[in-house]
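I'd like to ask you about the structure that follows.
Reckoned from all heavy atoms, side chains included, excluding hydrogens, waters and symmetry mates. Bear in mind the structure is a predicted one, so any value in this text is a computation, not a measurement. We're numbering straight along the sequence, starting at 1.
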Amino acid sequence: MPVAFATGAAIGFSAAGFLVRRAIQAKAARSEVSVTYRGRTSNPTLIINRWSGDGKAEQCDLAKKAAAAGITVVHLERGDDLTQLAHRAVTQGADALGMAGGDGSLGLVAAVAIDREVPFFAVPVGTRNHFALDVGLDRDDPISALQALVDGEEIQIDYGLVGGRVFLNNVSFGVYAQAVHQDAYRANKTEVLTQAVADISRDKENQSAIRFTTPDGVQHDRVPLLLVSNNPYTMSGPPDYGRRVRMDSGELGVAAITNSDDAAGSAPRLGEGVATQWTTQELILESDNTILAAVDGEALEFDSPLQLTVRPKALRLLVPVGTRPGYVSPGAAAAAEWVDLAKLGDSDK
C-alpha cells in the first residue's frame, strides 16, 4: 500500500499524514485509456494464492468459479516460484495470464505477461488490492473480475521499473522501507513503524542514506520518507486516502519528505520536514550502502545507483467491459470533499 497512507493510518498525523495533506495534491483528469475489444479469450490461466487476504479466494470459491468460466487454474503452493509458474503456464499455451493475490504477486505475474507478450488480468483477493482499486475493479466482488475473460476488453496502462523489476503501484524508501525490512513487521506493523519513526526523528543518522536531487536543484543525502509511484497519487478520502485517477500518464509520481537542512545530529520530527511532490519519467538514487526498498509492499534490496523509470501504455490489461481507471465511488468522493484536501493545497500557494 502507499507508504504515506499506511504510515498515516498507523501513527496518525505524523510525517506520512503530513505528506498526504501537503504533497499529494494531483488534479489529474480521468484517463481515456487505449482500448482493444477482445471478447472471449481462448486459453487463459489464473494463478491463485489461496492464503492471500486471509483466504479470500477460498471464501468466494474462486477456483471453482474460474474453472466454470473456462479458465485454467493453478494454485500457488508453499515453496513455489511464482515467476516459474507463470512462465510455465504461457509455455503450455496460455493466451492470457492472471493472478489472484496481493499487489506484490500481481507485479511478478504481470512482469511475465509483459515478457511473454500476453495480456494480464487481476482478481482482487489480497488484503488491500490497491492496483485493483486504481484500475477500476470491484474489490468487494472478486468474482466479477472474471468477466474480463468471458466478455472483456483490453486496455493499455503504464507500469514502473525499479532496478529492472516491474512494479504496478509504488516503491517506498525511508522509514516505511526500513520498517518493512524488520522481521517483526508482519506480526506487529504499527509498533514497528512507530519505533522506526521515533528512531529517525531522534537522529538524522538513522535515516536512509540515499542521495537524490529534488526539482529545486537541491541534492539530499538522507531521506526520512520517499515514495515513487506508477502515475501520481491524489487524495480520495478514507478508507484508502490515496489513489491514482490515471494509469496512463506516462509519468512517475514522486512524493518526499526531506530534511529542512543538512546539519548533522538531531533530525527534525517528520512532520516538520519539507514536503515535495513532482512528476518525472526517471529518478536515479545513489547510496554507499545497499538501498532498502518496499516494492508494492514487498521488502527488497538494490545496489546503487538505482534507476526508476516508467513504461507508458506497455501493460496489456484485461478488464470487464467498461472498467476504467479513475472511478471514484460516491462514498470516497464524499469523504474527500469532507477532508477538503484540494482547498488546503490551494491555500498553501
Side-chain angles (χ1 to χ4, degrees), residues 1-8 10-11 14-26 130 160-163 165 167 169-182 185 193 196-197 199-201 204-233 241-242 244 251-262 267-310:
M1 68 184 295
V3 58
F5 316 131
T7 311
I11 57 176
S14 66
F18 179 69
L19 180 60
V20 170
R21 296 195 303 273
R22 292 290 304 276
I24 311 236
Q25 307 284 351
H130 278 108
L161 285 173
V162 53
R165 180 188 171 109
F167 67 95
N169 293 334
N170 58 70
V171 184
S172 302
F173 305 93
V175 61
Y176 182 64
Q178 289 171 276
V180 168
H181 276 264
Q182 296 187 38
Y185 176 75
L193 190 53
V197 170
D199 289 343
I200 68 173
S201 295
K204 184 177 176 180
E205 295 302 310
N206 291 326
Q207 298 176 8
S208 294
I210 298 175
R211 296 187 295 274
F212 65 99
T213 303
T214 44
D216 56 8
V218 176
Q219 180 172 306
H220 303 270
D221 59 3
R222 291 187 179 273
V223 61
L225 192 64
L226 176 66
L227 175 73
V228 183
S229 58
N230 170 31
N231 285 256
Y233 282 101
Y241 294 95
R244 294 158 291 176
E251 299 279 354
L252 297 172
V254 186
I257 291 179
T258 59
N259 296 295
S260 56
D261 57 57
D262 292 328
R269 294 183 61 83
L270 285 181
E272 298 171 356
V274 178
T276 307
Q277 178 206 7
W278 70 98
T279 59
T280 184
Q281 294 181 335
E282 179 186 66
L283 181 67
I284 303 294
L285 304 179
E286 296 181 330
S287 177
D288 295 330
N289 307 310
T290 299
I291 298 176
L292 302 184
V295 181
D296 287 341
E298 301 295 322
L300 294 175
E301 298 182 4
F302 296 95
D303 293 330
S304 175
L306 179 60
Q307 180 189 46
L308 295 100
T309 59
V310 64

Handout entry: Non-neighbouring partners of Gln307 that pass side-chain hydrogen bond (donor to acceptor under 3.5 Å, both in side chains), sequence neighbours left out
Key = Glu282
Handout entry: Set of side-chain hydrogen bond (donor to acceptor under 3.5 Å, both in side chains) partners for Arg165, sequence neighbours left out
Key = none
Exercise for the section: For Ser208 and Ile210, indicate whether the former's side chain and the latter's backbone hold a donor-acceptor pair under 3.5 Å. Expected result: no
Fill in the blank from the handout: Applying ring-ring contact (aromatic ring centres under 6.0 Å, His included) to Phe212 and not counting sequence neighbours gives His220
Problem - Donor-acceptor contact below 3.5 Å, side chain Ser287 vs main chain Ala209 - result: yes
Problem - Pairwise side-chain contact, Thr213 with Val218, heavy-atom cut-off 4.5 Å (strictly under) - result: no
Practice task
Identify, with sequence neighbours excluded, every residue that meets salt bridge (Lys or Arg N to Asp or Glu O under 4.0 Å) alongside Asp216.
Solution key: none
Practice task
Look only at the side chain of Arg211 and the backbone of Leu285, and say whether a donor-acceptor pair between them is shorter than 3.5 Å.
Solution key: no
Fill in the blank from the handout: Sorted by chain and residue number, the side-chain hydrogen bond (donor to acceptor under 3.5 Å, both in side chains) partners of Asn231 (sequence neighbours excluded) come out as Asp158, Ser249
Handout entry: Gap separating the CG atom of Leu226 from the CD atom of Gln207, nearest 0.5 angstrom
Key = 12.0 Å
Problem - Nearest-0.5 Å distance, CG of residue Asn170 to CG of residue Asn230 - result: 9.5 Å
Exercise for the section: Check whether any side-chain N or O of His181 sits under 3.5 Å from a backbone N or O of Leu292 as a donor-acceptor pair, and report yes or no. Expected result: no
